Structures are given as C-alpha cells and as structure tokens.
Undergrad: 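Encoded as structure tokens, here's the structure I'll be asking about.
Values reported hereafter were calculated over all heavy atoms of this structure, with side chains retained and with hydrogens, waters and symmetry mates removed. Computed from a prediction, not measured in an experiment: that's the story for all the values here.
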Amino acid sequence: INKEGKNMLDERESEKIVLGSIIRETDKTFGIKEVSMLTEEHFELKEEKIVFDIFKRAFSTGLSGVNSFVTVELNKIEYPADRESAKELTREYWNYSKRKHDKRTLSFHAKVLIEKLARKKMIELSEKIKENAKNLNLEVPNIMASIETGVANLAFRAEDERILSAEELSQRKMDEIDRKANLREEAFIRTGFKDFDTLLPEGLTGSQLTVLGARPAMGKSAFALNIAKAVAEQGKGVLFVSLEMGVLQIADRMLAEVSQMPLSTVKQIHLHVSDNNGKIFRNAINSFAKIPFFLAEGAGNFEEVVSMIRQMKRKHKIKVVVIDYLQLMKSGQAKWMNRNQEVGLFSRTLKLLSKELDIHIIALSQLSREVEKRADKRPLMADLRESGEIEQDSDNIILLFRENYYLPKEERITYDNGWSETVEVIVAKQREGETGMTKLKFFGAQQRFDVFKEGEIQNEREEEIIDNSEFPF
C-alpha cells in the first residue's frame, strides 16, 4: 500500500478491514498502536459502533474467553433490531476478514479512520465558526477565542505519548539527564537574581505555572517586570500582559529600572533632554529597544488573553508570559460561576496552556486582607485571594514581603543611603524543588530589585522577649 493509494481507498473498506480483524484476532489487533487509539466515533454505522464497543470492552477486561463475553453482550442489546443487525454485521465482517492482514496494513487502515474523523471535526468547526460569525450578539474577541480553542482541541496526541511503560519512562528520564548534562548555562532561563535562582535550579522551565502573590505596595509588578527584562536580555521572548496599568506606565517603570533613574525623573524626562539624565535615558531606551520584550494592554477578557498568548507563541516563539494580574480578568463564562470558580478556571486553563505551548507563565495575584490582621504580616499560600484551585494548579508559588511597609519611619532599615530596603522573596511552593526564602534589595524610586553584596545585609531585628516567670530562690 503506498501513499497514492491511500486517497483512493474506500473508507468503508478500511472500517471493514479494521473491525473484521478486531473480531477475528481481538488481542493482537488492539495491540497495534493506531488501532488502540480508535473509538466508536471512528465508525460510521450504528451497528459498527455497537460491535466495536463490545470488543473494546472485551479487550479491556483482559478476559481469556473473549468469545463468551461477546456472545453474552450481543444478546444483551436492548432493541431486537439493533441486536440482530449487530449479530449479522459480526458474522459478515468475520467472513470478510478470512484473509489476514499484517500489522503494517492494519496500522495504515486505522490511520485512514483517524484522519477521516479529524477532517469531519474540522468541517464541524468551520460550520460553527461561520454560524458564530453571523451572530451579531457575539463579540468578535469571544468568537476569535472560541476559534483558537476549537483549533487547539483538534490537536492530536498519540496514545503512546500519554501512557508509558516503566521501560519507556526510564529511557525518557535517561534522555532528559543526557540532554541536561549537555546543556550550557545559557540554555536555562534565569530570573536575573543569583540568590533567587539558587532556589529555582532549573530556572523558568517550560510547561510550568508560577503564581506571584503579594499585598498591594509590596512591589510585585516591579519584581515581575524585572524578571521579564532579565529573561528578554537572555534573548528569550517575553510577553507581559498588563491588566492594571497602561502601556506607557509600564514603559516608564521598565525604563526607570534600565536607566536606574527615579521613576519621577523618567516621567519628567522631557525636562532633561539636554542634561546628563537625558543622555542616560537615551542610552537606556536604545538598549531596551533591542530586546525581545512584548507588552500587551489587556482588556480583562480571559478568552482574549489566552488567544493573544497562542498568537504570540506562534509568531514570536515566546518562552515566558507574565499576567498582571489574575483577579482583574473576567470570563465570558462568569455568568454561570461564582468568583472562586472563575479564578479557578483561570489558573487551571493557564496551567494547561503552559503545557500545550511549552512556556512558563507567571500569573500575579492579590492576597487577602487577612494578612493585615495578623501580628506576623508575612504572607502564606492560604492568603491567595479567591484562591479556588490556584494552590493546586500552580507549580510554584512565590510570595513577597516588605517589612518596612508596616514599620514606623524611624524603625525602618534601609541601604544605599536610604535608596533601598529589604524584600523577602518566599518560595512557598515548588513542585519540583524545595521551598525557601531569599532577600533582595528593592529600590522603590527606580522600580528596581538587586542582590545584596556579601556582608552587606544587616542582622535581623531581634524580637523582644519578656520572661515573667517567678523568682525561684
């Protein structure tokens, strides 16, 4: 059988050949990869679907007496007409398959059925697209998002990619070890902060969802932008989706960090065109313009954001996506959900999307006000607002804590002549590593984070302990 002959074959013949072989040699035929991927949907006639289902169940049970199982199941069919049709078809296909087919031939005919169903699904999707396009009650972004989802659902994964034997799993692990052993450091996507990277030894790997949570004014947007810039400077494409700030606000923050000038100066840079600040700014913006950093001002529609991410992966091969932030998104399905369920849908979909596109997604999240009611204001995973399934879906959860925010001015610890302060970066969850905490310097005026130099960090403030026990002598 050659490729040219494939299109000439009658699909009905493929159904007969495959189902006939299943009837005659159930275990052997289902042992072929392409045949094992078939479902009732791949067959046209009702009686074919019935017979296929019976033999599939017979194979799945692992029974040695397949014939006895099939006989009982055929006789259990409820309607007499269906029962007789199924028995007649079983006999007909048995006789049709007296001439046995080899594995290669059966694999070919199973592929014919798989492709036939795929084409049928494509036609159904195109009809649905046409119908939605004519519906003036539907918004265009929602239609586009449904198209993206429909096409993604047509994506095909072979059965042997989903189910691995111990031998195959062991080989895949050894291949991964060899691959990592041969990787240069440049292949890993780093955050730009050495102390933080030690907590994430494999960097921002693909197929992962990281949730970055903090209370307002802790610096989470600035931290996410710092990471995004560091990734882009490594030559890896980054998409930053801002739902909170406009694109020029984000640009100001990025350029303040790049130029290491106060944000207030950057916002007033038109007053410094001819002085030294103007020169520093021009150098910063020329440097920034060369990196693969993409900024999207989101409208808050979740389906639109997902569609945008898919398009950017296809066009620009992005490696990392940052979404600022989860709770500002709305879904077209919100009318049927409470808020917790809706945010849970976001986290679950983003996790699946990270796997589908092999990208790392960083989703920023607000924390509950319960943090403010505790004596120790350090955040916990349970503080994630409208957490729903966020804790379960995320691979990593990073929390930020800036103690100075809660202290009187005279008690605050600062560095660099008052320009910077300490921020704790807490790895509260890491699916493939350990939890931990590191400290970074935060230059609030410049929206910039940096590592501490050796010996620079000050001692922790000692907690005052009062011993009220009675005098024992």
Side-chain angles (χ1 to χ4, degrees), residues 1 6-7 9-125 127-128 149-150 152-165 168 352:
I1 299 172
K6 176 179 177 180
N7 294 326
L9 282 171
D10 183 358
E11 290 167 350
R12 292 286 305 121
E13 183 181 0
S14 291
E15 291 177 2
K16 282 186 176 183
I17 289 173
V18 173
L19 190 52
S21 182
I22 288 173
I23 292 168
R24 275 196 174 266
E25 298 179 292
T26 306
D27 289 353
K28 181 179 177 181
T29 308
F30 273 122
I32 299 169
K33 180 183 72 174
E34 289 78 11
V35 176
S36 70
M37 290 155 52
L38 298 177
T39 66
E40 297 169 51
E41 268 194 299
H42 290 95
F43 295 89
E44 197 70 32
L45 303 178
K46 181 180 179 181
E47 52 266 38
E48 284 179 331
K49 296 176 186 290
I50 293 172
V51 172
F52 175 83
D53 175 65
I54 290 173
F55 276 90
K56 181 85 170 183
R57 285 188 286 115
F59 172 73
S60 300
T61 57
L63 297 172
S64 55
V66 170
N67 292 347
S68 300
F69 178 89
V70 170
T71 301
V72 171
E73 291 300 308
L74 285 172
N75 286 323
K76 283 166 61 177
I77 296 173
E78 184 177 0
Y79 298 106
D82 291 342
R83 185 165 58 246
E84 292 307 312
S85 295
K87 287 182 177 180
E88 185 178 339
L89 182 134
T90 304
R91 192 179 303 110
E92 177 190 344
Y93 283 21
W94 168 274
N95 292 326
Y96 183 81
S97 298
K98 284 182 178 179
R99 176 175 169 270
K100 292 186 178 182
H101 298 284
D102 59 22
K103 179 179 178 180
R104 181 165 169 258
T105 301
L106 290 170
S107 173
F108 170 82
H109 285 288
K111 286 179 181 177
V112 170
L113 301 183
I114 290 169
E115 289 194 5
K116 181 189 75 168
L117 181 62
R119 292 176 187 277
K120 179 183 176 183
K121 295 286 186 184
M122 289 177 192
I123 293 170
E124 290 174 354
L125 177 60
E127 292 297 327
K128 183 179 179 182
T149 302
N153 289 338
L154 288 176
F156 171 78
R157 288 187 67 193
E159 187 75 19
D160 65 339
E161 290 179 344
R162 296 195 299 266
I163 302 175
L164 300 175
S165 67
E168 291 168 325
L352 294 174

Undergrad: Could you go step by step and tell me if F55 and L19 meet the side chain to side chain contact (heavy atoms under 4.5 Å, CB included) rule?
TA: CA-CA 9 Å; F55 276 90; L19 190 52; 5.6 Å; no
Undergrad: Nearest 0.5 Å, what's the CD1-OG distance between I114 and S107?
TA: 8.0 Å
Undergrad: Between the side chains of D102 and T105, does any donor sit under 3.5 Å from an acceptor?
TA: yes
Undergrad: What are the two closest non-hydrogen atoms of V70 and A58, and how far apart are they?
TA: CG2-CB, 4.4 Å
Undergrad: Please find the pair of heavy atoms, one from V112 and one from S14, that lie closest to each other, and give the distance.
TA: CG1-OG, 3.6 Å
Undergrad: Minimum heavy-atom separation for S36 and F30, please, with both atom names.
TA: CB-O, 3.5 Å
Undergrad: Passes side chain to side chain contact (heavy atoms under 4.5 Å, CB included), K56 versus E40? Steps please.
TA: CA-CA 9 Å; K56 181 85 170 183; E40 297 169 51; over 6 Å; no
Undergrad: Looking only at heavy atoms, what is the nearest atom pair of S97 and G20, with distance?
TA: OG-CA, 3.0 Å
Undergrad: For the atom pair CG (L113) and CD (E34), what is the distance rounded to the nearest 0.5 Å?
TA: 11.5 Å
Undergrad: For F43, what residues pass the ring pair (Phe, Tyr, Trp, His ring centres under 6.0 Å) criterion, not counting sequence neighbours?
TA: F52
Undergrad: Return the CZ to CD1 distance between R99 and I17, rounded to the nearest 0.5 Å.
TA: 8.0 Å
Undergrad: Does atom CD of E124 have more than 12 heavy-atom neighbours, drawn from other residues, nucleotides or ligands, at distances under 6.0 Å?
TA: yes
Undergrad: Starting from the C-alpha separation in whole Å, work towards a yes-or-no answer on side chain to side chain contact (heavy atoms under 4.5 Å, CB included) for Y96 and R24.
TA: CA-CA 10 Å; Y96 183 81; R24 275 196 174 266; over 6 Å; no
Undergrad: For the pair D82 (side chain) and E78 (backbone), establish whether a donor and an acceptor sit closer than 3.5 Å, ignoring hydrogens and angles.
TA: no
Undergrad: When you compare the side chains of E15 and Y93, does any donor N or O come within less than 3.5 Å of an acceptor on the partner?
TA: no
Undergrad: Hey, what do you get for NZ (K49) to CD (E47), rounding to the nearest 0.5 Å?
TA: 10.5 Å
Undergrad: Evaluate the side-chain proximity of K120 to E41: yes if any heavy-atom separation is below 4.5 Å, no if none is.
TA: no
Undergrad: What are the two closest non-hydrogen atoms of I23 and T26, and how far apart are they?
TA: O-OG1, 4.1 Å
Undergrad: Is there side-chain contact between L74 and R83, with heavy atoms separated by less than 4.5 Å?
TA: no
Undergrad: For S85 and A81, indicate whether the former's side chain and the latter's backbone hold a donor-acceptor pair under 3.5 Å.
TA: yes
Undergrad: Answer yes or no: is there a side-chain heavy-atom contact under 4.5 Å between L117 and K121?
TA: yes
Undergrad: Look up atom CD1 in I32 and atom NE2 in H101, then write down how far apart they are to the nearest 0.5 Å.
TA: 11.0 Å
Undergrad: Would a 4.5 Å heavy-atom cut-off, applied to side chains only, mark N75 and K87 as touching?
TA: yes
Undergrad: Given E73 and K76, is the salt bridge (charged side-chain N to carboxylate O under 4.0 Å, His left out) satisfied, shown in steps?
TA: CA-CA 5 Å; E73 291 300 308; K76 283 166 61 177; 3.1 Å; yes
Undergrad: Sub-3.5 Å donor-acceptor pair from the side chain of E48 to the main-chain atoms of L45, do we have one?
TA: yes
Undergrad: Using side chain to side chain contact (heavy atoms under 4.5 Å, CB included), reason through K28 and K103 one step at a time and then give a plain yes or no.
TA: CA-CA 9 Å; K28 181 179 177 181; K103 179 179 178 180; over 6 Å; no
Undergrad: When rounded to the nearest 0.5 angstrom, what distance separates CG in D53 from OG1 in T39?
TA: 10.5 Å
Undergrad: Contact between E115 and H42 at the side-chain level, heavy atoms closer than 4.5 Å - yes or no?
TA: no
Undergrad: List in chain and number order the residues that pass side-chain contact (heavy atoms from CB on, under 4.5 Å) with S21, two or more places apart in sequence or in another chain; answer none if no residue qualifies.
TA: T29, L106
